Structure formats: structure tokens, C-alpha cells
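Side-chain atoms are counted along with the backbone in the values below, which use heavy atoms only and exclude waters and symmetry mates. Values in this document were obtained by computation on a predicted structure and should not be read as measured data. Reminder, nothing fancy here: chain letters follow the sequence lines and each chain counts from 1.
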Amino acid sequence: MSSASTEAGAHAQRAPALLARELTRRFTPKDRPVVTALDAVSLAAYHGELTALVGPDGAGKTTLLRLAAGLIAPDGGSLAVLGVDVARDPQQVQDRISYMPQRFGLYEDLSVLENLELYADLHGVSAEQRAQRYPALFEMTALGPFRTRLAGQLSGGMKQKLGLACTLVRQPELLLLDEPTVGVDPLSRRELWEIVQHLVDDQGLTVLMSTAYLDEAERCSRSIVLYQGTVLTQGPPAEVAGGSAGACFLATPPPGQSARSVQAQLLDRPDVVDAVPDGGRVRVVTRGAHGEAAAQPLRGLSAEPVAARYEDGFMQLLQQRVSRERTQPLTIARPLSADSGQLAVRVQRLVKRFGAFVAVDHINFEVRRGEIFGVLGPNGAGKTTTFRMLCGLLAPSGGELYVAGANVRTAPAAARQRLGYVAQKFSLYGPLTVLENLEFFASAYGLRGEAKRARIAWALQQFELGDRAAAVSAQLPGGYKQRLAMAAALLHEPEILFLDEPTSGTDPLARRVFWRRITGLAEQGVTIIITTHFMQEAEYCDHVAIMDGGRVLAQGSPAEIRRRGQSAATPDPRMEDAFIAIVEEARAAAGRDAQAVA
Amino acid sequence: MFESLFRIVALTRKELLAVLKDRRARLSLLIPPMVQALIFGYAATYDLNRVPYALLDEDQSAASRELVAGLDGSGTFQRVADLRSAAQIAPAIDSGRALLVMDIRQDFQRQLLAGQQPDVQLIADGRNSNTAGTAMGYVSGIIGNFNAQWRADHGQPAPPMQLIERAWFNPNLETRWYMIPGMIGTLTLIQCMMLTVMSVAREREEGTFDQLLVTPFRPHEIMVGKALPSMIVGTIQATGVLVIAQLWFRIPFAGHYWVLYAGLLLFLLAAVGMGLLLSSIAGTMQQAMLYSMLFIMPFSLLSGFTTPINSMPGGLQQFTLINPLRFAIDITRRVYLQGAGLNLLLPDLWPLALMAAITLTAATWVYRYRPQ
Amino acid sequence: MSAPTDMRHRKLHRLAALIRKETRQMVRDPSSLAMGVVLPLILILLFGFGLSLDVHDVPLAIVMQQPSSDAVGLSEAFRLSSYFQPRFMHALPAAEQLLVSGKVHGILYIPQDFSSRLAVGDAQVQLIVEGSDANSARIIESYVEGAVGTWSAQRAAEGLSGGAAVAGPVNVETRLWFNEADESRYFLVPGLLVLVMTLIGGLLTAMVMAREWERGTLEALFVTPVRSDEILLGKTLPYFMLALAGFVLCVLSAQFLFHVPLRGSLWVLFGASMLYTLVALGIGLLISSAVKNQLVASQLVALTTFMPALMLSGFLFDLRSMPLVVRLVTYVLPARYYVKLLQNVFLAGNVWSVIVPNTAVLALMATGLAFASRAVTRKRLL
């Protein structure tokens, strides 16, 4: 059956694999107004192509994929997948497609091979087909050595790869992927991409994937930009990038000024669409038309025009829709002296063992007051373990740890009063409202009376939570949750703020706003320690440490780190290139050592 | 000190909000104990008011009819069949149609008149031997009345010795009076303990516990802040059951309310302490659920609620000493029915206090030193 | 191969895969094994030994104001009985103090003039029982009546005054069928089996299904050729086997530890129990498919299975004596029918007039639950 339909697919090269007409889906949350997730959307994805689905939070990406998989029913319009009306016969569609949800439900207590076997059995893959398919899958995912390992013990990136392998146990006629690379480190992300790209190019696989990484969308043959349940544009990615052609510049900060502060100034201008630090300079997209007018905002800076990228066009596209909320940088009541001589955090020979496993292996670093310190590393590098020790949640197995001048091991309560912590996962109380959460955490930090009222009013205003103060936290959209978590961690005006992957799964717009707030805080003397998987974001940091296998592989300013990625192939490396080079080099060295020992 | 108190109040408030915010959750904590009290209040009785019986009257005499009239007139016994031969006894019992068969032999009246002592045979369905025993006890009472009447009518002397029976605290020996006060503790234990165990396990699983631990809360403050809400919920549930006992079932309350509540608070403290200790050991909600079931079931069955503690073998009687419910049931029954004061309840109160002290200290200790 | 055979073949293949997966998970997760095997064993042992309605060693105060030979003779009858643990005293107020503080459960008061009035055939003995626990009190009363009766019968045989006709002229001769020795364990142990099977059956499936919803594993599973009835069956069968293993352990302990007779046939026992296990698993499946949340599912199972099975199944309390409304409630409970079945199979034998209708109701319930679970578990997320 499958061979016949692949043939059919090959014949009708431009026949849509997925075709939506006036597709509408609404949700009715409890005691809240109806949300229209998809509003009369018409779109198409074609056979043999890789189509990207991009858009900010709440655009309706997941809803569309779930509708296509027959997991929810539409409220209006029609959706044909592989020529079948999904609403009428979801089972037929489910028999022929594969779907990888955002959180792929691997059975964590089954091994890699057992997970794979389960899906092969359910798809009725024969023994011969398996003999052919498995080696290829193991080769592609590099999971071969781990086939007996329980899925729960894999790192985040490996889990995603296994999830993808499970959807590929047979050749589906359409593959739906919902943000397959969220929370995945750059190395694994690159590997995942290579797998998908390979399948599309060599085997003619049809893929529809949603993603928050705009560089991924750029590599697809077609992209669909969704915004609040409507389609902004669909077509080849180059069209999106073309929208900002002539308006993109790379500005060099004047001597004595950091790229970050120039970027912040630019971003606050109404005639600038977007500004991000990029390799020590600032990448700017302006609102103006081509030529002189476009460069207008950059007067006084040495700037050169550059080719537009997908991300630039995407920001341009969204700006036309969104009346840009000019995010004011955070102001705190009592700015701390940004005396950069003072140490905020000092870590010496820090070790953490879990049984025989060494999660953190003698690491050293220092963070000065008012600095933004970024910790980068692949999944399972020991970043979160280090964070938990810094916050006093985990007792170190060895080494010294000073946070805000106190030894965390001997004076944890005093140190805790001076730090704020935002965990990787939303970890405020879901059933409570925004206001109730803020009130609780204010009280927990000993605030009361007038001071408490003032701080809560500050938080609601600064994080633009006022209109949702009475909303139940669990039902907030992702962006709101993240802001609430930040607000709660800043109520007591901590000297040091720990942020564990705060931007994972958030859209490009929200990330800009987030970083504007963070850099503002740092300017007022708050020390920020942050982890992220977005390598461009490392550019916002004063110092960066790259971790892998529990050790710090490299430390320094973003420029210093980037320099380590320089090679003949990449004379002007981006942070991502440098990161991959450093980690791979260290891993190769470790491999050589292991071989030498053996 | 003041700071600490302030934080505890904040945590308690948050817990209560989180638990009671949702209307469904609020109802699921308040309604079940009261509905259960209502239904079980009727169900939980060893007293019988409908005993179906079959009669095999082989004598068919005036005397036998008089005896049977006593049974039929009692209101408790319903004659469901008149059997004609002994062979019909087995089917009547086997099918469960009759709980009892009364077999009056052929020369019943003749023997009576001759001053002899005829036997009446009672055959009972022993598949629930307790019910059968109670029913046979009722029949014996009715036959005793018949005997007294017969002796009086036929000029026979009263027996030389009489046993005069009196029951204190529950003159009519109604089991309902005993069961319903026992429910005050039993019905609160299940949800109260599960609420405690789950509240911590849930914070762990959802990651909110870390957020709590990075605030200046000290371990004992977290303990108290977690214990208080469950105790408040427990007290409300207990009050609900108490209200049903008094206003619906109209069981007279003999003691003082403050004594009852003092005992209940101590019980809830011990139960919540156990819950906290369990939750400090359990890693996931599934484990928490399993552990609490492992304790709640034996606690509620081996508490003296349905079967007397005195009937247990010695070793298990010792086991009940770690069961807070055992003491709570004793307290509620004795305050409720006997009006016992604090001095009489001391043997129940100090074990509860000890349990609360040990479990709460241990739980705090485990929280502080538990390897993550 | 023809198309329908091929379809059926694939269906079986998928089902086998799901069962294999579920079994692996079950074996690797100690908590479900603990719930299926260890929990029932612990419960049956604890309760089998612990639950009993038999009253023995009743602490009884015997207040004898004048130790006449008659009075001493009467009190001796209590000393020798295994039912009582008498405490001999001289003053009533002291004994009443003991009764109030719970140290004795009854007082037998033999007044000063007992001996002299016995001689004229007009003696009185008073029994005061602690009535709070009415059931025990009633049993104590009947034991005391028995002991006094035995004593006076003995005197009658010896031709002494005060003998004879305490109870006459009609004597009651009682026979307790199926449980001649009047052991409460005989009916409690089968009842416990019901309790245990109800709880573990419900808990096992309630937790595993809700867990799949919570962990998001179903979302990917749904978008495969698998059908929802296959998912349900794949869940039910492994836990069915696990629950049966727990059941076998319970039956073995009933037989060899508690010596409860098994008078009916083993086939009926297993047949009925398999049916009931399906019902219990079905309740768990239905609850968890409907609420999709481990916390709520576990609370619901605890509330809807354990206490009702204890209180309303006829295991302890006689159903016929409950008011009509409550009795109607009991008809909805599957435990009620299973209690009937087990008490018969263990104590009475193969009484078809009981077995057939009760089994039929259970079969009906199992079918109903299967359809309901099937209706609730659609391959839809919302």
C-alpha cells in the first residue's frame, strides 16, 4: 500500500498534501471569553516539500498541526490531508501520516529499541522492512550505542531524536513536526535538521513543521507565517526575507560603547524595526524604505548595509501588524551601585556527584556585580545542576561557593533573601491567580503593608500584567507565564537573578522584549546569570561560559569565545559556530583520552 | 519570630487558596464526607429490622401459632414462606430467601401442656454469621417473652433467678449510636491525609517546591504551613459529620464540644504529621498515592471502627497503637456518648501528642537532610 | 490473504504490541507491582488476622457484696469461661468507675441478699454493659446469659434450689448453617477479598491511564493506525493478569492461613472473580479516561470504591436492614454482587440460584463499563 501511494505522490509533484480552506477552530476556556485559535485560515503544503510553520505564541501553529493529525475537530471550514477530509475520517489519515507532538510522549520506562519496536508494531512494519530501516535510523540518529538504554535516561536532544525515529519507523506520506527543536542544544538541533533535510532531499518525504527558530524556516522550501489565528503570508522563505531588503544594516558601536547599549538605544527608536547584537556589532532593521531614508536612524554610527535574512523580514512583517509595544526597560527602586570591582558570585572547584556519576566536575568561575553571565552548553552539560547548587537547592559534593558574599553552605537563608530564581519550567502556583501568586511570593520574602502593595503594583506595571491580574496562572499564554515568573523573582529586589533557559519556546518578539528588560536590570547593578540555547542571545552577555560533561570548556567575553571558533572554513564565525567547534573539539579530545586509556 | 509567623500565615493562605479555589475541588472536599456520613449512617448498623424467615410448623397447634404470632408481630421478622417438610429447609436458606427457618416439632403443644420442655429448632444462614447470630438473639428474646407469658398463664412459678440487663450510654443498644460518632474521625482521615501527602508530592512534581525553597522559608515553617491547611480542612469535614450526627440522626451529644475539638485537633495533627513524613519520602505522586493507601486502609479498618480492637490478636492490638484513628475513634465515641472529660481521655491524648511530635520532627528532619 | 482476515491479523498484531509494551512498563515500575501483588497480600494478612467480630476475654467486673457459697459458685462459672476475664470486686461504685474509664466492658452485680433470695426462688443478678459498642454489648449479654444458664442448669442437675427453668419452658435449639463454629473470619475473609480486588482493580487502571494522559504519551500514540478499543484492551489485559495474581495469593492465604473452607467449585470462584476484576478495572479505566488527571483519579477511586465496598456491599452490614434509598444505592455497587457470590462459593457451595443471577449482573456491568470506556476514550485531545 505504501509503495503505491509514494508513487502516486511522485506523479503529482505539486499536488497539495495538506489543504485548508476557511479552517476555523475556537476554544472556550472556563469562565473566559472564547479564543479563536484559527480564524478562517486557508493554506497549503505540498508533496515532497519541507514546509515551515512560524509565528509568535498563540498564532495557532499547534492547533493547526493537531487538526491535521485528527486529534481535534474543526469548528468550520475544511481540511484535507492526503486528499482525505480529516474531520470525516481521522483514522484513515492517522494510518498514513506520522506526527511528533511538541512533547513527544516517549515511554520513559521502555528502552530505545522497545519504543521503536512499539511504533513499528503499531504501524505493521514487517520484519524485512525493519531489518532495512532500523540500521538507517540508528545511523541517522546516532542512537545505535544506546538501544538498550531506557528512554527516560536519555538527554533532551537524544529524546527528540528518538521521538523523530519513532515517527519514521516506516515512510509516512506526510510528517507533522511540532517544534521538534525546542529546548534542544545547538549540536543536537543541527543533527536533527540534517536528518529531516536528508529525508526530504533523498527520499521525497513531505514535512510540515512548526518552529520558533527562524533560521530553520529560512532553510525550508516554503514557509507559512501565522499570527493570532490568521495567515500573514505563505510562500518561499526568500519572499519573507525580501520584505526587508535594503533596510538591513550592521552597525559598529563607537569606541567605549558596548554593542548591547547601542542595540538598546536603537531598539527604543520608533523608526527601528529590530536591533540585535551580532558578533560585537548590531544588526538593525529600519522602518524606512530603501536607500538613504533607510539608514536615517543610524546616523552617527558606522553602518554598512547587509543582505536581508528571513528573521529580518519576519520582524518587518509582524511590525506591520502589531502596534509595537515600546517596552520600557525595568527600573528598580534602589539601583545597586554598579561597582564592577565587586564579586557577586565566586565558584571554586565546585563538584557534584550523583553516585558514581559526576554531574559537575571541578568548575571555577567568577561573576562581577551588574554583569550578565551566560552559561551555554548541550543538554546534560551540568548547567541546571550548577544553578541548583548556586541557589542552595542542592548541596555540593565539594568546592567553594560564594553567592552575594555569603557562603551558601553555611548561611543559606541569608543568601536566599538576596537572590531570585526563575526555573526552566513555569513553577509558580497554577491554580492561583497572577495577583495571588505575587502576593504569596512578596510575603514569602518578608514584604508587607505599604511596601508589599508598592512592589506588587510595580511588578504588575513593569511586566504589563495589570490586565491579567485576576487570571488563573495555569491558563495564561506562555509569554505571560514567563513574565509572571520574572516578576515574582524580582519582587524582593534581589542582587542576583538566576534564569534557567527563560527563552526556550518563546517567540522572537517576546525574546526581544525579554532581553530589553534584562539588560536594563543589569545596567542598574543587578547581576544576571542565565542559560540559553539561542546562541545569538549569548551576544547580550558580558561573559560567557561554555559547559559540557560537567566541565567549563571555555570562558570569556562573547568576542573571545567567537574567536575560538575561527577556522579556514569560518573566518568570521558566529557564536553558534564557535560553540559547536569548542564542544566537538573537547568531545574528540575526550574520545582520544578514552581510547588511550583503553 | 514575628517574621516567621508572617511567612507561615502566607503559606497557609496560599495552600488554602490553591486547594479551595476551584469550586469543584471545594465541593469534593466538603460534600463526600457529609454524603458518606448520611449514607453510611444508615448502612453501618449491626441492628436488624428486616429479617425474612421461613416457618416449618409441624404442630399446627394453638400454642405454636401463639409462638409464631410473637415473631410476626415484632415488626422485625417477615415470614416469607410456610414450609411443609424438612426437605424444603435447605432450598429456603441456600437461595438466601430466608435468613432463618423456625422449625416447630409435631408434639410441641402436647409437651408444653404436659409440663415438659419442648425444643424449637432455629436454623440460620451462617454466610454472615454475625447477622445470623443477632437474628437468633432476637428470636431468643421473643421466645423468652412467650415463656414468661406461658408460665404466668399456666400458673407455673417464675424462675428462681433473674438476670436484669442494663446498658449504659446507649440504653437501646443501637449500633448507629456507636458507628456514627466513629465516622467523625474515619471519614476525615482519608481525605485529610491524602491532601497532605499529595500537596507536597505535587509541588515536587510540578517544580514549585524549588521555587519555595529558594525563598527564605525555613524547613519548619514549610512544615507548619503545609500542616495547617489540611488541619483546617479536616476540622471542617469533621464538623460536617458532627452536624449530620446531631441534626439528622439526632444522636444526643453527652460531652463538651471543646473537649471533642481538642481531641480532634490532636488527631489531625498526628495524621497530618504522618502525611508529611510520607510525603517527604515519596518522590512522585504515584508513590505518594501508594504509600498513603498502604497506611489509610489498615488505619481505617484496624481502628475499632467496624470491628472491636479487643477481638484482634495480641500482636495486631499492639500495631493499632501507631494508628491515630484508633485513638480518635475512642475519643469521639467517649466524648459523644459518655461525656468523658479530658482527664478520662488522657490515655488517648498522650499517644496522639507523641505521634504528632515524632512525625513532625522526623518530617522536618528529612526535608532538611534529604538528598535531592 | 483476504482483506478482512488481513485486517483482523493487523489488529491482533497491534494489540499484542500494546500488551507487550504495557507488560514491560508494569514489570519495570515497582509501584504497580507493589499495588497489584504486595498491597493485596499485606491487606489480606493484616485484615485476615486483625478483623474479627468474635468476642473473647471480655474484661468483666464481678461485684460480690457477700461471698456466699452460691455467689462464689456463680462467679466461678465466669472464671472458667474463655469468654471472660473477670475482675472480682466488692463495691459497685469502684466497678462503675472502671466501666466509665473503659477498663471493663461490663459489670455483673451479685447483691448481698442473693443467697437468701435464691433459697426462696426470687433472686436477682444485675448485668450492666458498656453499651456504646452495641454489637459487642449484645454479644456480651448473650454470653452472660449463657454462663448464668449453664450454672443454673448444673444446680438443677444437682437438685439444688435456684436450678432449673431460667429459660423454660420452650428451649431454643440453634444451628448455624455453613458456619457451625460461628467463626466471624469465615465471612470476613471472603468479604476482604472483595475489598482488596475492588481497590487494586480500580487503582491500577485509574493511575496508568491518567498517567498516559498527563505525560502526553497518548498524543503520539493516537496518530498511528491504533484504534481506541485496542488501547483500552491493551491496558486492561496486563493489569487483569496482575490483579488475578493478587487474587490467587489472596485465595491461597484464605485457604491455608485462615482455613476458610471452599465448598463451591474452583471454576465458579475463578469465573466470578475474573468477571469482577474486569468490572473493577473498568471502573478505574472509566474514571481515568474521564478525568485524565492522576490526582483526581486516585481521589475518586478511593472515594467510590473503598468505603462503599466496605460499608454498602453487605460484607459487614446486613443489606436488608438498610432503608430503601440506601438499599437502592447498593444495587448500583458491583461489590454487592461479588460479596454474595464469594460468600456462597466459599461457605455454601454451588448454589446456582444465587450464582446465576449475581454473575449475570456482573457480566452486564462489565459489558456496560466496556462500552462506556470505549465511548469516553475517543482518539481526541479535547
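With a threshold of 4.5 angstrom between heavy atoms, B:Asp47 approaches chain C through its backbone and through its side chain. If you measure heavy-atom distances from B:Leu344 to chain C, the contacts under 4.5 Å come from the side chain alone. For chain C, the nearby part of B:Glu174 is the backbone; its heavy atoms alone come within less than 4.5 Å. When heavy atoms are compared at a cutoff of 4.5 Å, C:Asp122 approaches chain B solely by way of its backbone atoms N, CA, C and O. At a 4.5 Å heavy-atom cutoff, the contact between B:Leu316 and chain C is made by side-chain atoms alone. The part of C:Ile42 that comes within reach of chain B is its side chain, from C-beta onward, which places non-hydrogen atoms under 4.5 angstrom from that chain. For a residue to count as touching a neighbouring chain, one of its non-hydrogen atoms must lie under 4.5 Å from one of that chain's; by this rule C:Leu319 does not touch chain B. With a 4.5 angstrom heavy-atom cutoff, B:Ala90 touches chain C via backbone and side-chain atoms both. The contact between B:Pro118 and chain C is made by backbone and side chain atoms together, counting heavy-atom distances below 4.5 Å.
More than 12 heavy-atom neighbours from other residues, nucleotides or ligands sit within 6.0 angstrom of CD on B:Gln116. Under a cut-off of 6.0 angstrom, the local environment of CZ in B:Phe319 is crowded, with over 12 non-hydrogen atoms contributed by other residues, nucleotides or ligands. Heavy atoms from other residues, nucleotides or ligands lying under 6.0 Å from OH of C:Tyr83 number 12 at most.
The shortest heavy-atom contact between B:Ala124 and B:Ile93 is C-CD1, 4.3 Å.
Per-residue counts of heavy-atom pairs under 4.5 Å with chain C were compared for B:Asp125, B:Leu302, B:Thr131; the largest is that of B:Leu302. For the set B:Pro171, B:Ser95, B:Gly115, the count of heavy-atom pairs under 4.5 angstrom toward chain C peaks at B:Ser95. The choice from B:Val101, B:Asn170, B:Ile164 that makes the most heavy-atom pairs within less than 4.5 Å of chain C is B:Ile164. Counting heavy-atom pairs closer than 4.5 Å to chain C, the top-ranked of the candidates B:Thr76, B:Leu173, B:Asp103 is B:Leu173. Interface remark: of the candidates B:Gly315, B:Ala132, B:Pro308, B:Pro308 forms the most heavy-atom pairs closer than 4.5 Å to chain C.
Using cut-offs of 30° and 60° on the angle between ring planes, the pair B:Trp150 and B:His154 is parallel. In this pair, B:Tyr46 and C:Phe317 present their aromatic rings tilted. The plane angle is within the 30 to 60° band.
Residues passing the ring-ring contact (aromatic ring centres under 6.0 Å, His included) test with B:Phe108: none are found, sequence neighbours excluded.
With no hydrogens or angles considered, a side-chain donor-acceptor pair links B:Thr45 and B:Thr175 at under 3.5 Å.
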